[in-house]
Novice: 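Would you mind keeping the following structure in view while I ask a few things?
Positions are given from 1 along the sequence.
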Amino acid sequence: MGTVLKTTLFGLMSLVALTCSTASPAQSRAGADTSGGTKAGVTYVQPKDWTVVTRGGTTVLSAPEKDLDIAVVDGISAPTASAAATKAWPSYTPVPPRPVRLLTPEAARDGWDERVAIVYETSPDERAVATALALRRGAVWTVAFINGSDATMNRRAAAADLVERSLRPAGYVRETFAGRTAHRLTPERIAALRDFIAASAKTLEVPGVGIALIDQGHVVYEGGYGVLALGSPKPVTAHTKFMIASNTKGMTTLLLAVLADEGKLSWDQKVTDVYPSFRLGSDATTRATEVRHLVCACTGLPRKDYAFILADGRAPAADTFRQLAETQPTSAFGELFQYNNLMASAAGYVGGALAYPGMEIGAAYDKAMQTRIFDPLGMRDTTFDRARGESGDAAQPHGYDIDGRMTLMSNHFNHLIAPYRPAGGAWSSAADMARYVELELSQGVAPDGRRVVSAANLLERRRHGVSTGEDAWYGMGLFDEIVDGAHVVTHGGTLQGFHSDFWVLPDAGIGAVLLTNADSGPAMFTPFLRRLLEVAYDGRAEAAMEVTAAAGKLKAEAKARRARLTVPGDVTALANLAPKYRDAQLGNVIMISDRDGGKWIEAGAIEGPLATRKNVDGTLSLVSIGPGGIGVDAVISRANGSRTLTIRDSQHEYVYTEIH
């Protein structure tokens with residue numbers, strides 16, 4: 001009962017503030033994204049359908065669901081970010097603030113002299129988010145709190161990003177490269193970019209990076225930095241294979257574009273017209289789903305990654321369609337950006353079935369990608385074959401261990417993507433990715449001069465769909481953004497220990513590829529894009545400080561995670577675990593065993609030693625502590641006389657019950 005009461009109190013925190021806010025006459029709801037400003041002149045963007053209430057120096061933006069707030073409190077005089085947040089909190093709500101879990105400096109940018117991110121303690125059972133961003137200009141702070149439902153935050157993440165990124169001090173003028181002519185990537189400028197990558201990789205402890213730079217239709221540099229694996233003397237080359245994860249999605253949509261040229265599909269065609277067995281939730285939702293919806297991240301389908309992370313990785317390709325039939329959108333089509341791997345997986349398999357009807361859909365997709373994309377582009381390193389991908393000149397994944405040390409990992413976890421490979425299962429190299437980027441720059445012409453896809457269907461993939469933040473949109477397997485006034489087409493990819501990104505600057509005729517073999521790799525990507533713009537347009541030097549701040553944040557996060565864990569775990573709790581648990585929804589089993597003097601978990605693609613964590617509401621969580629950023633975090637409990645483990649993501653809950 002005590003836990004329930006505490007959870008309810010925390011869950012009401014944003015509602016308390018909202019109740020105070022609705023009494024104010026200064027309330028408005030936006031019919032479209034709308035620029036606004038606080039009493040002190042700090043600018044922000046109010047997202048469409050969000051409500052704004054102002055009370056003196058406090059501006060509260062509330063999501064349509066009424067259970068998530070972004071409260072901006074400005075005009076705070078305080079010596080530190082922590083003191084500023086503490087002082088600002090009562091202006092938002094009378095409910096006492098939570099304990100601070102983590103406080104990390106960020107790179108000063110957008111006119112702020114100091115930026116500090118704060119994460120507050122929450123418990124898994126609350127399903128809540130509680131963070132703050134403290135921003136200082138001169139001696140005065142502005143603090144932005146995000147507080148409320150984790151599920152709503154997951155659905156509204158793009159809107160929240162829009163608000164936070166648009167916070168700028170009064171009078172600040174943004175640097176812009178709009179209308180300026182980019183410099184060519186001369187040897188000196190290429191050297192500056194390579195030096196930045198090398199320094200960033202060293203700071204972020206990334207063992208190896210595959211690199212490609214393209215300018216005016218030509219690859220001006222391809223190669224690598226570092227080694228295939230820690231302890232190995234083998235260097236990364238232009239042909240070193242990395243798992244490119246979600247960068248497979250853009251290639252999958254390229255396959256659909258080619259099939260559209262062939263007349264086998266149209267973007268606005270109902271999926272059931274080309275693949276009659278397709279089902280998505282209800283009959284009405286199924287009937288409404290068009291081909292473009294499979295890859296637009298705009299159908300309101302939430303991430304459902306645990307459904308295959310915790311499941312049997314030997315599932316057939318058809319499992320994608322089974323899972324989609326059991327999934328219902330949580331927002332309307334075209335309303336919100338919600339990234340879903342299963343839909344992209346279905347897109348590829350539909351494409352394969354259209355290209356080679358009668359074949360098993362997985363094999364058909366693989367063959368279609370080989371004959372329509374990889375072979376025409378000369379992408380000889382790129383493959384979906386695991387044995388080929390992991391052999392020869394192949395990078396190996398790395399991640400932080402429980403003590404925050406970068407360590408070599410097994411690639412076992414990443415094998416889970418095979419049944420869903422159109423969403424993220426390709427291996428590729430910097431040299432091959434350069435050819436893919438060249439195709440994007442040339443609007444459909446391969447490096448050898450042959451047209452692979454029409455410009456119209458290639459560019460359709462970039463057509464703005466849902467907003468993903470400030471000056472950013474998702475098309476079909478691609479992000480289209482305006483960054484510091486420059487047009488950028490991009491996408492990233494993430495698996496355990498493998499992270500990649502590419503950038504196309506259509507107006508400048510410049511492209512770039514980075515492939516990394518460490519979980520710290522993504523911390524390099526945004527700074528690299530900034531450095532690319534600095535080099536191309538003689539911009540202010542800001543990228544290096546972003547890398548330094550990111551490295552500090554990663555170390556602080558690792559230290560904070562370790563501090564909250566009991567390793568090897570609470571003795572009584574571990575001794576009371578059942579050896580097997582089963583989830584009725586997923587139908588799979590979690591195994592708990594004794595190994596190497598401690599408890600060990602096997603749950604789908606996740607396996608490793610266990611620790612425990614005492615949560616702020618008194619519950620106890622079981623936490624896997626193998627190296628890497630993805631693991632099990634399960635609340636230990638009982639239900640109907642049986643022992644249970646409850647695993648949650650933002651919008652789903654999986655309850656594993658002991659097998660008697």
Side-chain angles (χ1 to χ4, degrees), residues 246-262 264-305 307-308 317-357 361-362 364-366 368-369 372-373 417 419-426 453 457-458 460-466 468 473-480 491:
S246 287
N247 272 315
T248 311
K249 288 182 174 69
M251 297 178 186
T252 294
T253 64
L254 189 59
L255 170 63
L256 297 187
V258 172
L259 294 174
D261 283 343
E262 294 176 7
K264 290 183 168 60
L265 62 83
S266 63
W267 298 110
D268 299 326
Q269 193 171 12
K270 302 299 183 186
V271 177
T272 50
D273 289 344
V274 294
Y275 197 80
S277 62
F278 174 80
R279 294 290 180 272
L280 178 61
S282 68
D283 289 343
T285 303
T286 299
R287 288 192 298 269
T289 307
E290 300 172 356
V291 171
R292 72 170 61 252
H293 292 145
L294 295 174
V295 282
C296 71
C298 67
T299 56
L301 234 64
R303 293 192 77 115
K304 207 177 179 182
D305 295 349
F308 52 84
D319 193 60
T320 285
F321 296 100
R322 177 193 64 80
Q323 290 196 45
L324 285 174
E326 299 170 356
T327 305
Q328 185 68 22
T330 58
S331 59
F333 279 25
E335 180 183 5
L336 300 174
F337 172 73
Q338 292 206 69
Y339 195 79
N340 184 277
N341 283 305
L342 289 172
M343 289 289 272
S345 178
Y349 291 140
V350 168
L354 291 173
Y356 297 104
I361 56 174
Y365 168 76
D366 295 347
M369 290 295 290
R372 261 84 164 183
I373 306 302
I417 199 62
Y420 319 100
R421 53 193 176 277
V453 61
N457 278 316
L458 178 137
E460 185 70 16
R461 298 155 56 246
R462 304 182 195 173
R463 194 171 101 182
H464 292 177
V466 284
T468 61
W473 303 265
Y474 202 73
M476 290 188 287
L478 297 171
F479 291 93
D480 197 86
H491 207 283

Novice: State the OG1-CG distance between T272 and L280, to the nearest 0.5 angstrom.
Specialist: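 Here the rounded value is 11.0 Å.
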
Novice: Determine whether R421 and T248 make a side-chain contact, defined as any pair of heavy atoms from C-beta on separated by less than 4.5 Å.
Specialist: no

Novice: Given side chains that start at C-beta, do those of K249 and N341 come closer than 4.5 Å, heavy atoms only?
Specialist: yes

Novice: Kindly compute the distance separating CG (L336) from OG1 (T299), expressed to the nearest 0.5 Å.
Specialist: 10.5 Å

Novice: Tell me if a side-chain donor or acceptor on T252 pairs with a main-chain N or O of G348 at a distance below 3.5 Å.
Specialist: no

Novice: Taking the side chain as every heavy atom from C-beta outward, state whether L354 and V274 have any atom pair closer than 4.5 Å.
Specialist: yes

Novice: So, for I361 and A317, which heavy atoms are closest and what is the spacing to 0.1 Å?
Specialist: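 Distance-wise, the nearest heavy atoms are CG1-CB, 3.8 Å.
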
Novice: For the residue pair A364 and G352, what are the closest heavy atoms and their distance?
Specialist: CB-O, 3.3 Å

Novice: Mind checking the SG-CG spacing from C296 to N340? Nearest 0.5 Å is all I need.
Specialist: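 So the SG of C296 and the CG of N340 are separated by 10.5 Å.
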
Novice: Could you tell me the separation between the CG atom of D268 and the NE2 atom of H293, rounded to the nearest 0.5 Å?
Specialist: 8.0 Å

Novice: Between A355 and R372, which heavy-atom pair has the shortest distance, and what is it?
Specialist: CB-NH1, 3.7 Å

Novice: Identify, with sequence neighbours excluded, every residue that meets ring pair (Phe, Tyr, Trp, His ring centres under 6.0 Å) alongside W267.
Specialist: none

Novice: Name all residues meeting the ring pair (Phe, Tyr, Trp, His ring centres under 6.0 Å) criterion together with Y349; count only those two or more places apart in sequence or in a different chain, and write none if there are none.
Specialist: Y365

Novice: Not counting sequence neighbours, which residues clear side chain to side chain contact (heavy atoms under 4.5 Å, CB included) with A346? List them please.
Specialist: L294, T320, F321, L324

Novice: Rounded to the nearest 0.5 Å, what separates atom CG in D480 from atom CE in M476?
Specialist: 12.0 Å

Novice: Got F278 and V271 here, is their nearest side-chain heavy-atom distance under 4.5 Å?
Specialist: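 Side chain of F278 against side chain of V271, heavy atoms only: contact under 4.5 Å found.
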
Novice: Show the nearest heavy-atom pair for residues V466 and A297, with the distance to one decimal.
Specialist: CG2-O, 3.9 Å

Novice: Any idea which heavy atoms bring P419 and S345 closest together, and the distance?
Specialist: O-OG, 4.2 Å

Novice: Evaluate the side-chain proximity of Y474 to H491: yes if any heavy-atom separation is below 4.5 Å, no if none is.
Specialist: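 Sidechains of Y474 and H491: in contact.
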
Novice: Which heavy atom in V453 sits nearest to a heavy atom in A257, and how many Å separate them?
Specialist: CG2-CB, 3.7 Å

Novice: Can you find a pair of side-chain heavy atoms, one from L256 and one from R461, that are under 4.5 Å apart?
Specialist: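 Not in contact.
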
Novice: According to the salt bridge (Lys or Arg N to Asp or Glu O under 4.0 Å) rule, which pairs have a member within residues 322-350, sequence neighbours left out?
Specialist: R156-E335, D319-R322, R322-E326

Novice: Out of curiosity, E460 CD to T253 OG1, how far, rounded to the nearest 0.5 Å?
Specialist: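 Output value for this atom pair is 11.0 Å.
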
Novice: Using ring pair (Phe, Tyr, Trp, His ring centres under 6.0 Å) as the criterion, list what pairs up with Y339, not counting sequence neighbours.
Specialist: none

Novice: What pairs of residues pass the side chain to side chain donor-acceptor pair (under 3.5 Å) test when at least one of them lies in residues 276-288, not counting sequence neighbours?
Specialist: S282-T285, T285-Q328

Novice: Going by heavy atoms in the side chains, are V350 and V291 under 4.5 Å from each other?
Specialist: no

Novice: Has R292 got its NZ or CZ under 6.0 Å from the middle of the six-membered ring of F333, at an angle within 45 degrees of the ring axis?
Specialist: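 Here R292 fails the 6.0 Å and 45° test against F333.
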
